[in-house]
Amino acid sequence: MLQLNSPYSFMQTMFAQAAGLHASAIRLDVAPALVFPSPTDPPDFSGLDEIMALSQQYHLRVVADLFTIPPWMAGCAATDAVAQSRCPPADEAAYGSIITKIVSHADPVIRDWEIWNEPDTGEFFTGTPQQYALMLRTAHDAIKAVDPGANVLLGGISSSSGMSWLEQVFATPGADAATAFDIANVHERGWLDGLVGDLVGWRWFLAAHGFSGPIWVTEHGYPADPGYQFDPHFTTGPAAQAAYLTASIPSLVDAGAGEVFVTERDNLGAQYASEGLLGGDVTDPPVADPQVVQRPAYAAVAHLADCYTLLGRDCPSGPAAVSPAAVSLPAVRLGRLAQSTVTVSDPGGGPLMLGPRTLTGPPGVTVAHDSCPAVLEPDETCAVNLQFAPSTPGAALDQLQIPSDGGLASVSVATVATSVSGLSSPQLPRATFATGPAGDGVGMPQELTLDLTNPLPAPVHAGVASLSGPDAARFRLLANTCRGVNLAPHEGCRITVSFVPERLGVAQAILTLGGDGVPLTVALQPIASAPPAIRLLATERGVRRCSAPGFVVVTSQPSVVSWNAVRAAPAIDPRCSGGGAGPHNGSRASLHGRARTGAGPAVAQGRRGYVAKVRIRVGLLPGLYRLTMKPANAHGAGSPRVIWTTIPA
């Protein structure tokens with residue numbers, strides 16, 4: 001908004017105020033129409049010289065907008081000098097010549113050259129897209145011939161509606177316009193929420209035409225007059241202007257704008273009459289020594305500039321705000337869905353760049369829908385919809401993490417998946433049947449009692465219990481207090497199953513308890529074991545015929561061997577008579593006792609097994625005795641074995 005013919009003191013004030021903003025560059029008009037007022041007079045570089053001096057004094061890079069042509073080279077039928085200055089040139093070579101002279105004079109102080117201002121509008125350029133394409137190519141070649149390192153900027157396109165006009169520019173034969181500029185140049189004004197999408201759309205459009213270089217926003221502003229504040233989130237006057245720019249400038253930078261130029265002073269009318277960071281005596285026509293009023297937006301932009309200078313980014317405002325801070329998804333059965341929504345907002349005055357949302361924790365919770373953009377504005381909210389589809393029962397705690405350039409926001413997500421398969425029992429996972437005192441042999445009843453408890457923080461409904469499997473007919477449900485009950489957290493119930501084996505070995509059946517979610521299944525595998533057997537019952541070797549008898553018993557399992565000696569006849573072996581009353585004499589005709597086999601296998605008289613020795617020493621009358629031995633253990637009692645022996649006199 002500066003012209004070469006503005007009063008020097010006015011231009012100096014604008015440079016000084018821009019430097020106070022800690023700006024890196026200032027954009028202004030270097031109008032060829034003012035440098036070359038006639039085809040015969042020498043060029044007037046006085047205004048350009050003043051700008052170059054101010055650039056060096058205030059250390060501000062100048063972006064020079066080569067807006068207008070000298071009216072005398074206009075290639076149109078207009079008779080008004082202003083209208084003629086906005087026409088395409090009649091002679092492209094002559095146009096290139098004046099561009100060469102301007103750039104040569106300003107080099108190397110000015111090295112950024114913009115070719116026209118909003119050429120897509122009929123207001124500022126009255127030529128065709130094809131004529132602009134040829135002008136752009138001519139100016140590009142002239143500038144690069146003087147300074148190959150200088151930047152050529154596309155003429156600032158007024159809005160995204162100019163894409164169709166620019167399509168024609170790029171399609172102009174012989175101009176190769178898409179390669180005739182180094183920096184794309186667009187103007188952005190509009191609702192805050194639309195700026196990022198608009199700039200992203202420009203990037204896609206330009207990339208589709210082969211341009212991948214920087215994009216600058218060379219006009220950006222927002223009115224301070226509430227009567228023209230078009231964004232409904234920013235309508236309270238100068239403070240709203242400051243808030244808008246605090247958010248919009250970082251948004252544009254985050255969306256890929258290499259530089260953003262903010263309107264410095266009021267100009268023209270309507271919304272532009274209050275769009276400047278500076279008010280006061282700064283409107284057109286420029287006056288010498290203007291009285292400047294800094295609006296709140298001036299300090300806001302200066303603060304932003306400080307953050308970019310110190311941090312390389314906008315001022316951090318902290319992580320995203322989330323609501324609720326903790327989510328407890330409704331308890332859900334296996335196979336069903338539960339959903340909840342987390343609302344995300346920007347708590348600060350500037351935008352937040354959001355990263356990918358992630359979930360950390362057990363599987364089951366997923367992000368079903370995410371409406372959050374890459375850049376979240378202060379006036380904007382978005383939502384992350386969570387979905388819980390459990391595959392296993394239980395309670396779990398997850399974390400939804402929402403990263404941003406302001407930090408990490410986390411939301412705890414509590415879930416409960418209800419299912420009867422999640423009931424717990426001290427008898428599980430291996431269900432062991434208890435045996436009676438008679439053991440676990442064939443025909444001996446066995447019993448299993450399951451004490452089930454709901455460990456979840458939500459009720460679980462239990463249904464019908466059933467038995468299935470190859471041996472289900474040999475099992476019976478004795479009791480079931482779980483049928484049709486709603487088990488509150490930590491509440492329990494009991495199921496009792498009986499089994500009577502009909503043969504040795506393992507029986508196979510499945511106990512199933514229906515209800516919420518996946519049924520609880522318990523594998524039933526009771527074992528019917530064989531009782532111990534006597535493998536050997538013999539007289540102990542080395543015992544003299546007429547001495548107290550001793551016996552060796554070998555069993556198939558560790559056992560307790562019960563023995564019983566009963567006198568069958570008073571006759572005794574004649575070879576043992578005549579010894580007189582000895583220590584074996586007694587008064588009883590029967591005697592019984594017990595012997596325990598060894599805990600480990602051994603070999604006795606050629607037979608391997610579990611060995612016990614029995615010796616009858618005293619208490620029996622002399623005679624012939626029938627000795628019966630019977631083994632027993634936890635599996636039951638085995639078959640008895642008999643041996644005959646003589647108790648000597």
Side-chain angles (χ1 to χ4, degrees), residues 1-31 47-65 67 106 109-114 117 151 153 156 183 185 187-189 216-224 238 241-242 244-246 248-250 252-253 257-268 272-310 314-315:
M1 300 289 185
L2 285 178
Q3 308 293 333
L4 293 180
N5 58 358
S6 298
Y8 178 79
S9 59
F10 185 88
M11 290 197 297
Q12 186 178 35
T13 299
M14 294 301 104
F15 269 81
Q17 292 291 328
L21 281 167
H22 307 146
S24 59
I26 186 168
R27 173 179 177 258
L28 48 83
D29 285 347
V30 174
L48 183 57
D49 290 337
E50 291 176 349
I51 287 173
M52 292 165 60
L54 291 171
S55 172
Q56 293 174 309
Q57 178 183 353
Y58 290 100
H59 306 288
L60 278 171
R61 197 179 79 254
V62 168
V63 176
D65 186 357
F67 174 46
V109 177
I110 300 176
R111 305 189 70 196
D112 295 314
W113 300 96
E114 181 181 354
N117 177 64
N151 290 317
L153 278 67
I183 297 169
N185 175 10
H187 296 170
E188 287 291 344
R189 293 178 174 91
W216 288 2
V217 176
T218 51
E219 284 189 21
H220 179 62
Y222 190 72
Q241 180 195 35
Y244 177 96
L245 293 174
T246 296
S248 66
I249 294 171
L252 291 169
V253 173
E259 297 193 12
V260 179
F261 291 77
V262 186
T263 305
E264 185 181 19
R265 70 178 179 97
D266 294 340
N267 186 255
L268 305 175
Y272 307 107
S274 66
E275 192 180 77
L277 305 178
L278 303 176
D281 190 14
V282 292
T283 57
D284 286 331
V287 298
D289 302 318
Q291 301 300 306
V292 172
V293 175
Q294 294 180 353
R295 291 195 172 103
Y298 183 93
V301 173
H303 179 59
L304 266 179
D306 287 339
C307 290
Y308 277 105
T309 300
L310 296 173
D314 61 304
C315 310

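Atom set for the values below is all heavy atoms of this structure, side chains included, hydrogens, waters and symmetry mates excluded.
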Closest approach of Q241 to A224 (non-hydrogen atoms, all atoms of both residues): OE1-CB, 3.4 Å
Distance, nearest 0.5 Å, that separates CH2 of W216 from CD of E259: 4.0 Å
I want to check something: taking the side chain as every heavy atom from C-beta on, are D112 and V62 in contact at a cut-off of under 4.5 Å? no
Reported CG-to-CD1 distance for the pair L60 and I51, which is rounded to 0.5 angstrom: 12.0 Å
Any salt bridge (charged side-chain N to carboxylate O under 4.0 Å, His left out) involving residues 285-303? Give me the pairs, sequence neighbours left out, ordered by first then second residue. D266-R295
Could you check whether any side-chain N or O of T309 sits under 3.5 Å from a backbone N or O of A305, counting only pairs where one atom can act as donor and the other as acceptor? yes
Give me the atom names and distance for the closest heavy-atom approach of A257 to V260. CB-CG2, 4.0 Å
S248 side, atom OG; E188 side, atom CD - distance, nearest 0.5 Å: 10.0 Å
With rounding to the nearest 0.5 Å, note down the distance linking CD1 in I183 to CG in N151. 4.0 Å
Which pair of heavy atoms, one from P238 and one from P296, lies closest together, and at what distance? CB-CD, 3.9 Å
Ring-plane angle category for Y58 and F15, please: parallel below 30°, perpendicular beyond 60°, tilted otherwise. tilted
For a quick test of reading the model, state the closest non-hydrogen atom pair linking L4 to L48 and the distance between them. CD2-N, 3.8 Å
Less than 4.5 Å apart, side chain to side chain, heavy atoms only: is that true for R111 and V109? no
Flag side-chain contact, heavy atom, 4.5 Å: P250 against L304: yes
Can I get a per-line list of side-chain donor-acceptor pairs under 3.5 Å for residues 275-285, giving both atom names and the distance, sequence neighbours left out?
from: E275; atom 1: OE1; to: R189; atom 2: NE; distance (Å): 3.4
from: E275; atom 1: OE1; to: R189; atom 2: NH2; distance (Å): 3.0
from: E275; atom 1: OE1; to: T263; atom 2: OG1; distance (Å): 2.6
from: E275; atom 1: OE2; to: R189; atom 2: NE; distance (Å): 2.8
from: D284; atom 1: OD1; to: R265; atom 2: NH1; distance (Å): 3.3
from: D284; atom 1: OD1; to: R265; atom 2: NH2; distance (Å): 2.9
from: D284; atom 1: OD2; to: N267; atom 2: ND2; distance (Å): 2.4

Do D314 and Y308 make a side-chain contact, defined as non-hydrogen atoms from C-beta onward lying under 4.5 Å apart? yes
To the nearest 0.5 Å, how far apart are CD in Q12 and CD in E50? 10.0 Å
Report all side-chain donor-acceptor pairs from residues 20-30 shorter than 3.5 Å, counting only partners two or more places apart or in another chain.
from: H22; atom 1: ND1; to: D306; atom 2: OD1; distance (Å): 2.5
from: R27; atom 1: NE; to: E114; atom 2: OE1; distance (Å): 2.7
from: R27; atom 1: NH1; to: T218; atom 2: O; distance (Å): 3.4
from: R27; atom 1: NH1; to: E219; atom 2: OE2; distance (Å): 3.2
from: R27; atom 1: NH2; to: D65; atom 2: OD2; distance (Å): 3.3
from: R27; atom 1: NH2; to: E114; atom 2: OE1; distance (Å): 3.4
from: R27; atom 1: NH2; to: E114; atom 2: OE2; distance (Å): 3.2
from: R27; atom 1: NH2; to: N117; atom 2: OD1; distance (Å): 2.9
from: D29; atom 1: OD2; to: Q3; atom 2: NE2; distance (Å): 3.0

4.5 Å side-chain heavy-atom contact, V287 and P7: no
